[in-house]
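Notes for the one structure printed next.
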Amino acid sequence: MSTKERSRFSDFRAGIAPAMSDFRFTLRKIRKSPLSIVGIIIVAIYVGMAIFAPWIAPPAVGTRDPSMIWNDGYALPPKPPGSPVIINEGARNAGYTSHIFGTTQMQYDIFYGCIWGVRTAFRIGVLVIAIALIIGILLGSVSGFYGGVIDELMMRFTDIVLAFPGLILAMALVIALPIVWKIDVGYLLVVLLLFVGPLIIGHFLKIRGLWTFLIGVAGVVAFVALQTFLLGTTIWTWSLELGQLDKVLIALTLVGWPGYTRVIRGEILRIKGEDYIEASKAVGCSDLRVITKHIVPNSIYPVVIMASLDIGSMVLTAAALSFLGIGSPEGYADWGQMISLARNWMVLQYWYVFIIPGIFIFVFVLGWNLLGDAFRDILDPTLRRK
Amino acid sequence: MTEKILDIQDLRLNFYTYEGVVQALDGVNLSLRKGETLGVVGETGCGKSVTGLSVLVLVPPPGRIEGGKIVICEKGKPVDMLSEEEDTLRKIRGKHVSMVFQDPRSALNPVYTAGDQIIEVLLHHRRKALALKAIEQLDRQIQQEKAPSAKTQEQKEKKEEKKTPKENAGFLANYYRKRLKRYLKHPKALDIRVSGKIPILRGWKWLIKEEAKKKAVNMLRIMRIPDPERVVGMYPHELSGGMAQRVVIAIALACSPEILIADEPTTNLDVTVQLQILNLIRELKEEFDSSIIYVTHDMGVVAEMSDRVAVMYAGNVVELSGVLQTFRKPLHPYTQALLESIPRHGFPFKSIEGTVPSLINPPKGCRFHDRCHYAMDVCTREKPRMVEAEEDHFVQCFLYQPVG
Amino acid sequence: MGLADFVVRRILLMIPTLIGVTILIFAVTQLFTPEQRATLYVTNEKQMNNIPLLIEQYHLNESIFVQYSNYVQQLLQGNLGFSQTSRAPVLQTILRKIPATFEVVMMSIPIIIFLGIFLGVVSAVHRDRPIDHVTRTAAIIGTSLPSFWLGIILIAVFFSGLGWFLPERASSWAQNYIDLSHNWTTYTGLYTVDGLLNGKPDITLDVLRHMVMPTIVLVTIQIALIIRVMRSSMLEALGKGYITAAKAKGLTNTEVINKHARRNALIPTITVAGLLTAGMLTGVVITETVFNIDGLGRWAVRAAGGGGIVPDIPAVLGFALLSGIIYVVSNLIVDILYAVVDPRIRLG
């Protein structure tokens with residue numbers, strides 16, 4: 001290496017040295033806490049199970065939807081682990097000779113259900129939390145950033161939604177959502193634009209504060225009005241047929257977003273009061289830049305911690321809904337659903353019907369809770385230097 | 001020569017932190033004489049606050065006292081705080097040795113009123129005295145009833161039929177009086193404990209608390225707080241900085257301790273309030289006949305308040321002498337440099353070159369040698385002992401010691 | 001500002017939120033067809049057959065503002081609709097089923113709160129020592145357990161395995177006595193209390209025995225939260241200056257912990273405890289279903305179609321509305337308690 005290259009490299013190393021030592025400190029903290037390692041391992045194992053499901057538990061030949069558990073006849077009583085696969089040709093062709101974990105009522109194979117249930121769990125947990133997180137952060141950021149009336153209204157709204165216990169609101173929504181639902185994606189887009197648009201417009205026109213928001217809103221409204229006149233309807237109309245599980249997902253998302261909104265808004269209000277925000281505005285940064293460069297990186301931690309802990313509780317809530325019969329349809333590879341089939345068999349003789357799926361739920365949630373706890377301990381700056 | 005009431009010998013203290021072992025105190029030697037104010041002065045980080053906390057053996061973890069003796073004179077007997085049981089220490093804390101803290105707002109518990117917190121220390125240490133007072137008060141009440149003035153006698157005769165509340169009070173007063181007397185003799189007796197829990201019967205306890213409350217109000221009055229009856233019921237967040245600090249001082253002096261440790265009590269206050277508090281402390285010292293260890297970083301305050309001065313640097317006491325001597329003829333190079341660096345009108349600004357050393361890896365030998373103009377070879381190798389260079393003027397420096 | 005002013009202000013602030021709750025429920029009703037919405041205004045079985053009339057009567061085809069004002073009117077009159085599941089007006093059903101739910105909840109909450117606070121304090125005081133690790137691990141396990149799973153396991157072990165009692169509210173002999181005997185008067189609807197009032201303590205004991213398992217389930221799941229909050233707020237309090245100041249007064253460690261640290265640490269815990277109490281409704285839904293207790297939760301679940309039948313809309317919405325109101329009122333109580341315990345809040 002020439003001297004010039006070497007010095008640039010050592011400059012680079014020197015530049016990232018504080019970050020590296022911080023990172024090393026973080027890794028050390030993780031290593032010191034055995035529970036966080038257990039959490040990471042658990043989640044990793046589940047991820048593996050989800051990815052390799054088709055190989056671990058191959059779908060019976062001839063099934064359309066691998067998330068529906070195949071059943072071996074329709075006899076009522078569950079069969080213990082090890083019972084041979086009798087009737088189902090497709091299953092035997094796929095390589096099953098026996099029911100490894102036994103069967104539930106109506107002869108659903110427990111092994112298959114549990115393995116494919118991992119995918120369901122991830123789908124529910126990650127999808128719902130991700131969408132709720134995005135909605136929550138968007139709304140919370142705008143609310144916190146612009147303050148004033150917008151903030152007041154948003155807070156009232158979240159207060160009201162949060163006034164309902166999650167499970168119960170989800171129950172109400174699940175029965176309310178119709179099977180076939182026409183979602184005007186156009187409306188969603190407009191709403192999204194209403195929040196992001198003002199920021200972008202403000203960035204380019206170099207205006208700040210409430211005026212940005214108002215001008216932005218005006219701009220978007222003009223855009224929509226133009227569309228309506230020229231095309232006759234709003235942008236796209238799209239109808240979705242909602243399966244039972246989709247209704248659950250939507251219901252849980254609608255229940256989940258206010259939590260994040262409040263936290264992000266709280267963080268933003270706190271950060272807004274900090275001096276470096278004043279400084280960056282004084283230097284002339286547009287709203288967009290202030291948000292992306294200063295506010296978001298500093299406010300994101302509590303929400304990340306919340307989200308990782310919520311994945312676990314979301315899966316628990318979904319399992320509860322399925323158990324109560326309001327979630328996934330019968331025969332779906334969903335742990336809660338499988339346990340609901342155990343309602344008539346709550347005796348020790350048929351332990352496998354509820355113990356095994358339950359263990360899957362328990363360990364999954366435990367893994368995410370440990371992970372979330374680990375995040376919290378690590379990312380909390382006040383606890384760092386002990 | 002007045003006797004010493006506090007003698008710190010060779011105190012060593014370490015903090016065990018993530019970054020390493022901080023050798024905070026490296027053999028501190030101090031003594032406090034009866035009736036005097038000892039100013040302990042030094043830069044931030046020199047260990048002066050921690051020394052104060054050590055006297056009460058209240059250094060929080062990860063700090064740990066590793067050696068030395070802290071001898072106080074309690075009722076004529078020497079007591080080494082560092083070798084006593086926690087129970088004994090608790091009897092000393094707040095009663096014989098007490099502390100005034102730097103930040104009054106954090107030293108007061110936000111959910112209790114000012115009065116409650118003063119009453120707390122009174123009840124903890126002075127129950128018997130308060131009980132006696134309560135008895136006296138009851139005696140006075142009963143006397144009033146037995147030998148009323150002529151007027152009340154008339155009134156009594158007029159209302160002969162009605163059972164006045166005073167009669168009932170008389171019965172209760174006698175009962176309480178008996179309870180209190182019993183409490184004095186046998187504070188842990190079963191009947192005392194039982195009657196202390198039953199609603200009306202435990203009124204005697206309440207009387208003790210009333211006495212404590214009166215004393216608390218009085219303490220606030222002594223602290224020159226206007227309208228003490230109102231302040232007694234106020235919460236810390238309702239008080240101004242100066243008032244809060246007066247409350248803290250009131251708590252510290254409530255049981256008339258012999259030794260008062262003041263840990264930078266005015267640092268967090270406005271300058272105008274500072275002066276008031278300093279004057280207050282000076283007056284109170286007379287009234288309460290306490291000896292004070294005054295920890296500060298402000299040389300001006302030291303000059304105002306102290307009779308003797310201990311200068312600390314990096315965990316050692318480097319110079320210990322009367323205040324006049326210290327200021328007029330500083331012997332230790334650090335003290336000299338410190339005094340020179342006080343800004344003075346007309347003179348160029350002088351500072352001490354170098355920085356305070358890290359105490360995780362303190363320099364070998366004398367801890368000041370790398371900043372000292374007079375450093376000699378021996379200073380880098382050995383640590384100097386404290387010697388009496390002049391009469392009642394102690395220094396820890398090889399300049400005043402025969403080498404070897 | 002004083003406590004009284006604070007309370008009044010807080011109560012006034014509660015009203016818009018309550019209105020908002022009704023609006024939200026109303027918004028959910030808009031997701032239904034007018035025919036389904038009509039069921040909300042039904043008061044008895046006969047009216048169920050006359051839906052078109054109801055649609056006319058309550059203007060269910062008109063603008064949302066008209067509908068909303070109608071809806072609120074009906075609410076204020078106590079008409080929450082007719083529940084197919086229970087074959088009775090919703091409001092009446094709620095009132096009838098509350099005692100059963102109340103009984104189970106009331107047994108669990110004191111345990112959760114007091115045991116939780118105690119364990120939280122112990123955990124904080126003995127930080128990083130074995131007892132702390134054990135408590136925290138147990139707490140994390142508690143939050144990871146699905147409540148219905150725990151319930152089923154307990155039933156499987158204790159009922160089928162050990163031959164104890166059936167999962168239900170009371171043994172059949174007790175239930176029969178309550179339902180059929182002429183000597184029984186229902187005072188409160190709480191079997192435990194009524195048992196004593198009727199001079200039948202054996203019924204009280206029987207019901208208490210049956211409540212042990214549901215209580216275990218509820219406590220195990222919920223206590224973790226209290227422990228966690230109490231622990232962290234205790235740790236924060238113990239690091240404050242007034243702790244050293246208190247020790248400098250000569251107080252014993254126990255006194256310092258209990259009088260000074262704990263009092264301050266309780267403040268955030270009260271909020272959590274309040275939310276938890278209201279959130280118990282969630283836990284209760286599952287517990288009642290698993291343990292076959294005839295309370296609000298089980299009724300709501302059946303109504304939501306937990307058996308593949310047509311959902312009983314007024315019931316579910318009525319239950320949701322009730323939950324909302326309970327939540328809002330709990331928040332109010334928590335805020336007031338907060339002001340009582342923390343004098344700094346009263347300045348408003």
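The analysis underlying the following values was restricted to heavy atoms, covering all of them including side chains, and did not include hydrogens, waters or symmetry mates. Just so we're on the same page: letters track the sequence lines, and every chain starts at 1.
- Remark: C:Thr143 OG1 to A:Leu366 CG distance equals 8.0 Å, nearest 0.5 Å.
- The shortest non-hydrogen separation linking A:Met346 to C:Val290 is CE-O, 4.4 Å.
- Between C:Ile153 and A:Trp351 there is no side-chain heavy-atom pair separated by less than 4.5 Å.
- Partner of C:Ser144 under the side chain to side chain contact (heavy atoms under 4.5 Å, CB included) criterion, out of A:Asn369, A:Val363, A:Leu370: A:Asn369 alone.
- Chosen from C:Ile140, C:Val28, C:Ile326, the residue pairing most often with chain A at heavy-atom distances under 4.5 Å is C:Ile140.
- For the set A:Ile339, A:Thr317, A:Val174, the entry with the most heavy-atom pairs within less than 4.5 Å of chain C is A:Ile339.
- Of all non-hydrogen atoms in C:Val328 and A:Ala163, the two that sit nearest each other are CG2-CB, 3.9 Å.
- C:Trp149 places no side-chain N or O within donor-acceptor distance of the main-chain N or O of A:Phe362, the cut-off being under 3.5 Å.
- In summary, the side chains of A:Asp159 and C:Thr17 do not present any donor paired with an acceptor at a separation below 3.5 Å, with no hydrogens or angles considered.
- Heavy-atom distances place both the backbone and the side chain of C:Ile141 under 4.5 Å from chain A.
- Using a 4.5 Å cut-off between heavy atoms, A:Phe354 contacts chain C through both its backbone and its side chain.
- Put simply, CZ on A:Arg343 and CG on C:Asn292 are 9.0 Å apart, with the number rounded to the nearest 0.5 Å.
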* Given C:Phe159 and A:Leu348, is the side-chain contact (heavy atoms from CB on, under 4.5 Å) satisfied, shown in steps? -> CA-CA 9 Å; C:Phe159 164 56; A:Leu348 288 179; over 6 Å; no

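- A heavy-atom distance below 4.5 Å is found between the side chains of C:Thr289 and A:Leu324.
- Chosen from A:Ser313, A:Gly312, A:Ala319, the residue pairing most often with chain C at heavy-atom distances under 4.5 Å is A:Ala319.
- In terms of heavy-atom pairs under 4.5 Å with chain C, the best-connected choice from A:Leu35, A:Leu162, A:Val365 is A:Val365.
- Your options are C:Gly297, C:Ala300, C:Ser147, C:Ala320, and the one with the most heavy-atom pairs under 4.5 Å with chain A is C:Ala320.
- Around the OH atom of C:Tyr68, the shell of radius 6.0 Å holds more than 12 heavy atoms that belong to other residues, nucleotides or ligands.
- If you take CG on C:Leu24 and CZ on A:Phe157, they are separated by 6.5 Å, rounding to the nearest 0.5 Å.
- Nearest heavy atom pair, residue C:Ile286 against residue A:Ala320, reads CD1-CB, 3.5 Å.
- The most heavy-atom pairs under 4.5 Å with chain C, out of A:Val347, A:Ile168, A:Leu169, come from A:Ile168.
- Atom CG of C:Leu317 and atom CE of A:Met171 lie 10.5 Å apart (nearest 0.5 Å).
- Minimum interatomic distance between C:Pro146 and A:Ile361 (heavy atoms only, all atoms of both residues): CG-CG2, 3.6 Å.
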